[in-house]
A.B. asks: 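Structure incoming, see below.
On a predicted model such as this, the values are computed, not experimentally measured, just so you know. Order of the sequence lines fixes the chain letters, A, B, ..., with proteins taken first and strands second; residue numbering starts at 1 for each chain.
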Protein chains: 2
Amino acid sequence: MPNQHTIAAWTALVTANRRVLETIERALKTAGLPQLSWYDALLELEKAGPSGIRPFALKERLLLPQYSLSRLLDRLEAAQLIDRHEAADDGRGQIVHLTELGLRTRQKMWPVYAETLLHCVEDRLSPNEAAELARLLAKLADAPS
Amino acid sequence: MPNQHTIAAWTALVTANRRVLETIERALKTAGLPQLSWYDALLELEKAGPSGIRPFALKERLLLPQYSLSRLLDRLEAAQLIDRHEAADDGRGQIVHLTELGLRTRQKMWPVYAETLLHCVEDRLSPNEAAELARLLAKLADAPS
DNA sequence: CCAATATACATGCAATTGCATTTACATTGG
DNA sequence: CCAATGTAAATGCAATTGCATGTATATTGG
């Protein structure tokens, strides 16, 4: 049976996550921008640089189920934010690249996202508290053993 | 622009939340039990006691959108875990009660849920760390201003 | 070489979610 | 009293998610 602190921590984790996420999604929608999941994908694509990235690798970075990424890429491609080509060295796979429009879209999303983080996180925690929070949460984020 | 600690905290929050949630949902599904959202609702219904609770109040406790709760209650009712009656004093509303089966279902879910929390949270944090985590997260959980 | 197995990705279908709107009753100000 | 407004809850419809499975290529053990 978990002790009371464990339960309090987990409850607070769920609540905080919902509250912040909700606020971010609402801000993005209000600004006429895509969902946060698009941002995450676009950012990873940008980090991957001009060589692009394979979906199976992207899936690891984004912690998404395979089918979920497959469909996210469908939507990003339909919106012309990414390109998909066959992988030269693996007939099963493909390589995904960010388009110019994809880059610009992420850049337009960032100020809205950032503003919400300031409001919902930075204004509420000192730098030390934020660092401590990150440290504690990292302990929970490792792959389940 | 958020500082690096803010970003680290937010990223870790999202990741930790996903990892733990995923583990809980998988454990429940493997045990042939309903989703975590059902647990939360059943628990609140249990807390409400024999007088039951109005959906609009339940929605505040569960932090769910109105339509989302309405449909969750549809499913719980179809599974005979709750009863819904018209509210005696408000013709627009209803009162929701837990059934015997609803109570037993929550009781069957708890060991599975608890075991996952032990594994994913309690084993990874000292009691002091858990308490500190809860304290920090609570600062993020207040209604957005 | 090749059968067995593993990996990469897609997809049909059912369940769930989100959004906007609707229905019904309640409350309030004139 | 009653029109206007507010609140409780449901619902049509489109989008998203989850699950199971399918298709295609790659790898590996004998």
A.B. asks: Checking contacts here: which listed nucleotide (D/dC13, C/dC25, D/dA9) is nearest the side-chain heavy atoms of B/R71?
C.D. replies: D/dC13

A.B. asks: Figure out the CZ/P separation between A/R54 and C/dA10, and round it to whole Å.
C.D. replies: 11 Å

A.B. asks: Give a yes/no on whether any side-chain N or O of A/K29 is located under 4.0 angstrom from OP1 or OP2 of C/dC19.
C.D. replies: yes

A.B. asks: If I take atom CZ in residue B/R84 and atom P in nucleotide D/dA9, what distance separates them, rounded to the nearest angstrom?
C.D. replies: 9 Å

A.B. asks: Output the rounded distance in Å from CD1 (A/I53) to C1' (C/dC9).
C.D. replies: 15 Å

A.B. asks: In whole angstrom, give the distance that lies between atom CG of A/L28 and atom P of C/dG18.
C.D. replies: 15 Å

A.B. asks: Between atom CG in A/L69 and atom C1' in C/dA10, what is the gap in whole Å?
C.D. replies: 12 Å

A.B. asks: Does B/P34 reach the side chain of B/M109, with side-chain heavy atoms less than 4.5 Å apart?
C.D. replies: yes

A.B. asks: What integer distance in Å separates A/L64:CG from D/dC19:P?
C.D. replies: 14 Å

A.B. asks: Take the protein atom CD of B/Q66 and the nucleotide atom P of C/dT23, then report the distance between them rounded to whole Å.
C.D. replies: 15 Å

A.B. asks: D/dA8 base to B/Q94 side chain: any donor-acceptor pair below 3.5 Å?
C.D. replies: no

A.B. asks: Tell me what A/D74 touches on the nucleic acid: a base, only sugar-phosphate, or nothing, going by heavy atoms under 4.0 Å.
C.D. replies: nothing

A.B. asks: With a 4.0 Å cutoff (strictly under), does any side-chain N or O of A/S70 reach OP1 or OP2 of C/dA10?
C.D. replies: yes

A.B. asks: State which of D/dA9, D/dG18, C/dA8 makes the closest approach to the side chain of B/F56.
C.D. replies: D/dA9

A.B. asks: Indicate whether OP1 or OP2 belonging to C/dT17 is found under 4.0 Å from a side-chain N or O atom of B/R75.
C.D. replies: yes

A.B. asks: Is there a side-chain polar atom (N or O) of A/Y67 under 4.0 Å from OP1 or OP2 of C/dA10?
C.D. replies: no

A.B. asks: What's the CG-C1' distance between A/D90 and C/dA10, to the nearest Å?
C.D. replies: 15 Å

A.B. asks: Give a yes or no on whether a salt bridge exists between A/R135 and B/E129, defined as a side-chain N under 4.0 angstrom from a carboxylate O.
C.D. replies: yes

A.B. asks: Using a cut-off of 4.0 Å on non-hydrogen atoms, how would the nucleic acid contact of A/S68 be classed: base, sugar-phosphate, or nothing?
C.D. replies: nothing

A.B. asks: What parts of residues 33-48 of chain A reach DNA chain D, counting only heavy atoms under 4.0 Å away?
C.D. replies: none

